[in-house]
Amino acid sequence: MVEKTIPMLPCQSLQPVLDFYTALGFEVTFQQKSPNPYAVVEYGAIELHFFGMKRYDPTESYSGCCVITDDVDTLHTAFRAGLKATYGRIPSRGLPRIGPVKDMSYGTRQFLMSDPGGNCVRIAQKTSENQHHRPAPKETFARALHFATVFTHSHEDPAGAAKIIDRALALEDERPTPLQEAQLLLLRAEVAYRLDDDTTAQHMLDKATSVRLTEEQGKLVRDDLERLTELLSP
């Protein structure tokens, strides 16, 4: 016996969704308008099905799926390039959007993207056979960074991440290491950007840039620093 599971994802209108996946490099392999709107897109072994619902609200969507790959970075690079070529930019907030690649605490390297239908597609590569969440660190700022990262890059809850980071940075009896401070400030800049608060995002980015780091520490935050600088550029 050979089985295959294919997600069927909702959307308000098929065409914006199909345009998005075509930009990523997918091929539309099936489409019908009646008796109900339905379409299929494929990219290599990835196959996604979509159905239209006129009263569906993409901004209230909880639907999604997970795509397992053995080369998450190559897919991320290809998808970003396709979006840049089609839209002239890489959408990072609102719908549609694509997030950065992140190593998560549950043995996965992944990125999230949300299509115009509000469906969240998690593209993931296993980095460990243990897929359970690792225990959260006990140290205050490492713990805050751990949970804020999960809220941002797994739960899609930037507002929750902002509260965690703000509480940690407001502590008066404890202070983070310079590296922790830079990482928290950069993540706070990212969630502010996701929340359409560019003023706070720029302020946090400026503060992160002013933190004095060693050369090795600077390498650890370089990618996030460059990405956020690009996002907030006029």
Side-chain angles (χ1 to χ4, degrees), residues 4-102 109-125 152-158 190-191 193-198 201 226-228 230-234:
K4 184 177 182 179
T5 300
I6 299 173
M8 298 169 60
L9 303 171
C11 60
Q12 188 178 77
S13 176
L14 284 178
Q15 198 57 53
V17 171
L18 299 182
D19 290 344
F20 173 74
Y21 284 96
T22 300
L24 294 175
F26 282 74
E27 179 185 359
V28 179
T29 57
F30 177 81
Q31 184 175 1
Q32 71 176 26
K33 295 183 179 180
S34 62
N36 58 290
Y38 199 92
V40 178
V41 298
E42 297 184 47
Y43 185 105
I46 306 172
E47 183 174 339
L48 304 174
H49 290 210
F50 298 92
F51 60 95
M53 298 175 61
K54 289 184 178 180
R55 297 183 181 180
Y56 181 76
D57 183 355
T59 64
E60 297 295 326
S61 174
Y62 290 95
S63 61
C65 66
C66 183
V67 174
I68 304 300
T69 179
D70 61 359
D71 195 348
V72 68
D73 291 278
T74 294
L75 281 180
H76 188 254
T77 298
F79 289 172
R80 281 172 55 88
L83 292 172
K84 183 70 176 291
T86 301
Y87 299 122
R89 63 183 182 89
I90 300 170
S92 301
R93 61 182 172 189
L95 294 175
R97 64 178 179 268
I98 185 170
V101 179
K102 289 292 179 179
R109 182 168 172 80
Q110 67 178 40
F111 66 93
L112 306 180
M113 61 182 188
S114 294
D115 64 32
N119 303 295
C120 179
V121 181
R122 185 184 308 260
I123 313 291
Q125 179 177 355
T152 304
H153 297 296
S154 185
H155 293 178
E156 289 273 66
D157 183 3
E190 178 163 354
V191 299
Y193 176 82
R194 288 275 303 276
L195 294 168
D196 293 321
D197 184 358
D198 288 0
E226 291 177 352
R227 180 171 55 84
L228 287 164
E230 180 180 356
L231 288 176
L232 291 167
S233 296

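Residue numbers run from 1 in the order of the sequence given.
Contact record, P116 with P58: O-CB, 3.4 Å, taken as the closest heavy-atom pair. Counting all heavy atoms, side chain and backbone alike, A124 lies closest to C66 at CB-SG, 4.2 Å. Taking each heavy atom of H49 and E47 in turn, the nearest pair found is NE2-OE2, 2.8 Å. When all heavy atoms are compared, the tightest approach of I123 to V72 is O-CG2, 3.5 Å.
With F50 as reference, Y21 is the one residue of F26, F30, Y38, Y21 to meet the ring pair (Phe, Tyr, Trp, His ring centres under 6.0 Å) rule.
Rounded to the nearest 0.5 angstrom, I6 CD1 and I46 CD1 are separated by 12.5 Å. With rounding to the nearest 0.5 Å, the separation of CE in M113 from CZ in R97 is 12.0 Å. Between the OG1 atom of T152 and the CG atom of D157 there is a distance of 8.0 Å, given to the nearest 0.5 Å.
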Result block: side-chain N/O donor-acceptor pairs under 3.5 angstrom for residues 12-19, not counting sequence neighbours:
| from | atom 1 | to | atom 2 | distance (Å) |
| --- | --- | --- | --- | --- |
| Q12 | NE2 | Y56 | O | 2.7 |
| Q15 | NE2 | D19 | OD1 | 2.9 |

Cut-off 3.5 Å, no hydrogens considered: what does the side-chain donor-acceptor table look like for residues 80-92, sequence neighbours left out?
| from | atom 1 | to | atom 2 | distance (Å) |
| --- | --- | --- | --- | --- |
| T86 | OG1 | G82 | O | 3.0 |
| S92 | OG | I90 | O | 3.3 |

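Applying the salt bridge (charged side-chain N to carboxylate O under 4.0 Å, His left out) test to residues at least two apart or on different chains, none of the pairs has a partner in residues 51-61.
Counted within 6.0 Å of CG on D70, heavy atoms from surrounding residues, nucleotides or ligands total 12 or fewer; the atom is thus considered open.
L232 pairs by the side chain to side chain contact (heavy atoms under 4.5 Å, CB included) definition with Y193, D198, A201, Q202, L205, not counting sequence neighbours. Remark: E27 engages T29 in a side chain to side chain contact (heavy atoms under 4.5 Å, CB included) (not counting sequence neighbours). Partners of E42 under the salt bridge (Lys or Arg N to Asp or Glu O under 4.0 Å) rule, at least two apart in sequence or in another chain, do not exist in this structure.
Contact annotation: the side chain of F79 approaches that of I98 to within less than 4.5 Å [non-hydrogen atoms, C-beta and beyond]. Under the 4.5 Å side-chain criterion, counting only non-hydrogen atoms from C-beta, P100 is in contact with E190. Inter-residue side-chain proximity for C65 and N119 is flagged as unmet; no heavy-atom pair is nearer than 4.5 Å. Put simply, the side chain of F51 reaches to within 4.5 Å of the side chain of P10, judged on heavy atoms. Taking the side chain as every heavy atom from C-beta outward, L75 and Q125 never approach each other to under 4.5 Å. Side-chain contact between L112 and Q110 is present, with heavy atoms from C-beta onward closer than 4.5 Å.
Looking only at distances, no side-chain donor or acceptor of H153 sits under 3.5 Å from a matching main-chain atom of V101.
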